Amino acid sequence: MKNLELSQIFSQMSEFLEMKEDGFRARAYSRVARVLDSLERDIGDIYREGGAKALKEIPSVGRGIAEKMEEYLKTGKIKEYQKLKKESPVDVEALTKVEGIGPKKIKTLYQKLGVRNLKDLEKVARVGEIAALEGFGAKSEKNILQAIAFAKTSKGRFLLGAILPVVREVVGGLEKLPEVGQISAAGSVRRMKETVGDVDLLATSSQPDKVMEHFVSLPGIVKVWAKGPTKSSVRFKGGFDCDLRVVKRVSFGAALQYFTGNKEHNILLRRLAIKKGLKLNEYGVYKKKTRIAGRTEKEVYQAISLPYIEPELRTNTGEIGAGLKNELPKIIGYDNIKGETQCHTDWSDGTETIEAMAKAAKKMDYQYIVITDHAGFLKIANGLDEKRLLRQMREIDKIGKEISGIKILKGCEVDIKMDGGLAIKDEVLA
DNA sequence: GCCGTTTTCGGCCCGACTGTTTTCAGTCG
Ligand SMILES: Nc1nc2c(ncn2[C@H]2C[C@H](O)[C@@H](COP(=O)(O)OP(=O)(O)OP(=O)(O)O)O2)c(=O)[nH]1
Ligand SMILES: [Mg+2]
Ligand SMILES: [Mg+2]
């Protein structure tokens, strides 16, 4: 699978082109890198099956980039990339990971100080050579040194499941504030992407300064990257960043749309707005100077002739085209889930009682819950033997009569013996 | 470099924060 390799090469080419002030070509390469990152299929398979023609059918891939993909798949090299790299032999991948360092600064640092990699950068910053540079100063030199240190301890992307508890905690810390109105997770967390690069949060308030002041002094923050009245960004000690945006109530929908992304989805919406003679930003949809939508996301989508699109679908994979034709798929929501079919209780290795589990399921509007504790010989999970299993069944019947509005069903996660048979007799299971 | 039921040429999303700058470039979301 060469998708990742190609994406990284095109990302670097984008930075090199930006150094050469070729902004639009740079954007084309950066776009195609993002497309490759989220491409489900192996680029090699696509090429083998359909050749360069199939490559060009990938959005944002045209003749030029298809040729480069083909060249890489055939030879393992891209001449254009090697040429750019020879012109500026710098490790753009590592250097751009330093917060605040981009292609233009890399160019200056290379041309004036010969900086090629992180080590070089740290060295020239330590001896004060950066501060003396035109366009830089004492502050930027200090920031660079700090940012290098944080880049070294950065953990990259996080699993959604690992970050959700943290999101709840930070949201909880902000909710306490009387100045905070609405608050919501945004970004890749709200889109429920499997991995997230950071935590994005949106709040409404008529006193944003107070909210921001509170935000940047939350416990566990090790660095404030930026702080302003509508946008602040911090690093937590867990190695992840958190961005907070604060807007007025009237802009909540537009801001939530903007901050939920993804980036390409946003750009497509904004282009759609332009086509209609409108302007879309995080404050609303505007006709000339007047805001015509912004309070809710639905309002924003409708103002540009689209149905509401669920966050999970905002991935720039055809959802806008589907929306225009009213062919959006229905996604399975929490309220579509009718019951729980696998759960453990304190009868085996769970922590809650049957009654507590049933009540929790009822609270979630489930119609039924199946109790499936371990059963058989596995002592490590406190598995039920036949006697206890039968006793549990009687208990389930009893609790079922006590709690109305939910059906408690009997089941179990039964061990399989070495000979392939089940560890509980059929008569008991039936 | 990509793209098109307004275009095969001429556009390409739009705004916040910082530092260094006397008016804005660079980076980031
Ligand atoms: N219009 C516009 N919106 C952007 C741009 N960059 C980011 N955004 C919006 C959409 C993103 O989903 C949102 C949050 O930015 P992030 O960089 O945190 O991206 P996101 O959370 O989608 O992915 P992540 O998992 O953090 O890498 O901000 C941009 O260049 N233009
Ligand atoms: Mg994010
Ligand atoms: Mg972010």
Side-chain angles (χ1 to χ4, degrees), chain A residues 10 13-35 55-69 80 95-109 130-144 146-147 186-188 197-202 208 212 216 224-234 241-247 251 254-286 304 316 321 324:
Chain A
F10 288 143
M13 288 180 76
S14 167
E15 304 292 355
F16 286 131
L17 289 166
E18 201 82 65
M19 287 164 74
K20 296 176 70 153
E21 320 276 328
D22 200 346
F24 287 113
R25 262 174 90 217
R27 252 167 275 177
Y29 278 92
S30 149
R31 228 183 13 247
V32 93
R34 288 179 68 102
V35 166
L55 292 177
K56 273 171 63 179
E57 267 158 35
I58 302 169
S60 301
V61 177
R63 211 182 112 179
I65 286 178
E67 272 172 10
K68 290 178 182 72
M69 288 175 160
E80 178 87 16
L95 288 171
T96 49
K97 284 206 180 98
V98 179
E99 178 85 21
I101 296 291
K104 301 290 164 63
K105 289 186 181 173
I106 292 176
K107 183 182 173 188
T108 308
L109 290 163
I130 290 180
L133 239 44
E134 198 180 323
F136 292 77
K139 272 189 182 167
S140 41
E141 184 171 85
K142 189 167 151 269
N143 286 341
I144 286 172
Q146 269 202 39
S188 50
D198 68 355
V199 174
D200 302 289
L201 299 176
L202 173 69
M212 288 305 188
V216 299
V224 178
W225 295 116
K227 174 169 172 274
T230 83
K231 174 174 152 182
S232 296
S233 181
V234 301
D241 290 339
C242 182
D243 296 336
L244 175 67
R245 288 220 55 168
V246 179
V247 298
S251 293
L256 190 57
Q257 189 292 304
Y258 150 72
F259 215 24
T260 298
N262 68 13
K263 176 178 168 175
E264 311 300 333
H265 177 92
N266 285 358
I267 291 174
L268 284 174
L269 289 194
R270 287 169 183 212
R271 280 177 39 193
L272 213 60
I274 294 169
K275 262 209 241 169
K276 296 185 161 299
L278 304 168
K279 182 174 73 168
L280 169 62
N281 60 26
E282 63 264 54
Y283 301 105
V285 181
Y286 294 83
I304 50 174
N316 182 35
L324 286 170

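In what follows, chains carry the letters A, B, and so on, assigned in the order in which the sequence lines appear, proteins first and then strands, with residues in each chain numbered from 1. The shown structure was predicted, so the numbers you read here are calculated from the model rather than taken from an experiment.
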B:dT8: pairing nucleotide in any strand, Watson-Crick or G-U under 3.5 angstrom:
none
Determine the contact category for A:Glu99: base if any of its heavy atoms lies under 4.0 Å from a base atom, sugar-phosphate if only primed atoms, P, OP1 or OP2 are that close, otherwise nothing.
sugar-phosphate
Give me the distance, rounded to whole Å, that separates B:dT21 from B:dT27 when you measure between the P atoms they each carry.
16 Å
Mind calculating the distance between CG (A:Asp198) and C1' (B:dC28) to the nearest angstrom?
11 Å
Expressed as a whole number of angstroms, how long is the span from A:Arg27:CZ to B:dT27:P?
13 Å
N/O (side chain, A:Ser140) to phosphate O (OP1/OP2, B:dT20) under 4.0 Å
yes
Mark yes or no for whether A:Lys279, through its side chain, and A:Ile274, through its backbone, hold a donor-acceptor pair below 3.5 Å.
no
With the side chain defined as heavy atoms from C-beta on, A:Asn281 is closest, among B:dC13, B:dG15, B:dC17, to B:dG15
Reckon A:Val35 touches a base, only the sugar-phosphate, or nothing at all at heavy-atom distances under 4.0 Å?
nothing
Measuring from the side chain of A:Tyr283 (C-beta onward, heavy atoms only), which nucleotide among B:dA16, B:dG1, B:dG19 has the closest atom?
B:dA16
Using a heavy-atom cut-off of under 4.0 Å over every strand shown, decide if A:Lys263 touches base, sugar-phosphate, or nothing.
base
Between B:dT23 and B:dC12, how far apart are the P atoms? Round to whole Å, please.
27 Å
Expressed in angstrom and rounded to an integer, what is the separation of A:Gln146 atom CD from B:dT18 atom P?
14 Å
Reckon A:Ala131 touches a base, only the sugar-phosphate, or nothing at all at heavy-atom distances under 4.0 Å?
nothing
Side-chain N,O (A:Asn266) to OP1/OP2 (B:dC13) below 4.0 Å:
no
When the distance from CZ of A:Arg245 to P of B:dG15 is rounded to whole Å, what number comes out?
11 Å
For A:Leu269, answer base if it contacts any base atom (sugar-phosphate contacts may also be present), sugar-phosphate if it contacts only those atoms, and nothing otherwise; contact means non-hydrogen atoms under 4.0 Å.
nothing
Give a yes/no verdict on base stacking between B:dC12 and A:Phe24: centres under 5.5 Å, planes within less than 30° of parallel.
yes
Looking for any heavy atom pair under 4.0 Å, which part of the strands does A:Asn143 touch: base, sugar-phosphate only, or nothing?
sugar-phosphate
For A:Glu282 and for A:Lys104, locate the closest nucleotide of DNA chain B by heavy-atom distance; then report the residue assigned to the nucleotide nearer the 5' terminus.
A:Glu282
Hey, is the side chain of A:Lys279 poking within less than 4.0 Å of OP1 or OP2 on B:dG15, counting only N and O atoms?
yes
What I want to check is whether an N or O donor and acceptor connect the side chain of A:Tyr258 with the base of B:dG15 at under 3.5 Å.
no
Counting the atoms with a prime plus P, OP1 and OP2 as sugar-phosphate, which does A:Lys231 contact under 4.0 Å by heavy atoms, base, sugar-phosphate, or nothing?
base
Atom CD of A:Glu134 and atom P of B:dT20 are separated, to the nearest Å, by 12 Å
Can you find a heavy atom in the side chain of A:Leu133 that is under 4.5 Å from one in the side chain of A:Glu141?
no
Of the listed B:dC14, B:dT18, B:dG1, the closest approach to the A:Lys227 side chain comes from B:dT18
Suppose you measure atom P in B:dG11 against the same atom in B:dT7; what distance do you get, rounded to whole Å?
15 Å
Using a cut-off of 4.0 Å on non-hydrogen atoms, how would the nucleic acid contact of A:Val32 be classed: base, sugar-phosphate, or nothing?
nothing
hbond_proxy A:Arg271 side chain to B:dC13 base (donor-acceptor, 3.5 Å cutoff):
no
May I ask you to say what A:Ile65 touches in the nucleic acid, namely base, sugar-phosphate or nothing, with a heavy-atom cut-off under 4.0 Å?
sugar-phosphate
Most 5' of A:Leu17 and A:Ile106 on DNA chain B, judged by nearest nucleotide
A:Leu17
Could you check whether any side-chain N or O of A:Thr260 sits under 3.5 Å from a backbone N or O of A:Leu256, counting only pairs where one atom can act as donor and the other as acceptor?
yes
A:Pro103 has a side chain; which of B:dG19, B:dT27, B:dC13 sits nearest to it?
B:dT27
Look only at the side chain of A:Asp200 and the backbone of A:Asp243, and say whether a donor-acceptor pair between them is shorter than 3.5 Å.
no
Point-to-point distance, once rounded to the nearest 0.5 Å, from NZ of A:Lys56 to CE of A:Met69:
12.5 Å
Which of these nucleotides, B:dC13, B:dG15, B:dT27, is closest to any side-chain atom of A:Lys105?
B:dT27
A:Lys231/A:Glu282 ion pair, N-O < 4.0 Å
no
Between B:dC2 and B:dC13 - C1' atom distance, rounded Å
16 Å
Tell me the interatomic distance from A:Leu268, atom CG, to B:dC3, atom P, rounded to whole angstroms.
11 Å
Rounded to whole angstrom units, what separation is found between the NZ atom of A:Lys275 and the P atom of B:dG11?
16 Å
Rounding to an integer number of angstrom, what distance separates B:dC3 and B:dT8 when you compare their C1' atoms?
9 Å
In whole angstroms, the gap separating P of B:dG1 from CE of A:Met69 amounts to 14 Å
Can you tell me if A:Thr230 touches the phosphate of B:dC17, counting only side-chain N or O atoms and a distance under 4.0 Å to OP1 or OP2?
yes
A:Arg25 side chain near B:dG1 phosphate (N/O to OP1/OP2, under 4.0 Å)
yes
Are side-chain heavy atoms of A:Lys68 and A:Glu80 found at a separation under 4.5 Å?
yes
Using a strict threshold of under 4.0 Å (side-chain N to carboxylate O), is an ion pair present between A:Glu15 and A:Arg25?
no
Is A:Tyr286 near enough to B:dG15 that one of its side-chain N or O atoms lies under 4.0 angstrom from OP1 or OP2?
no
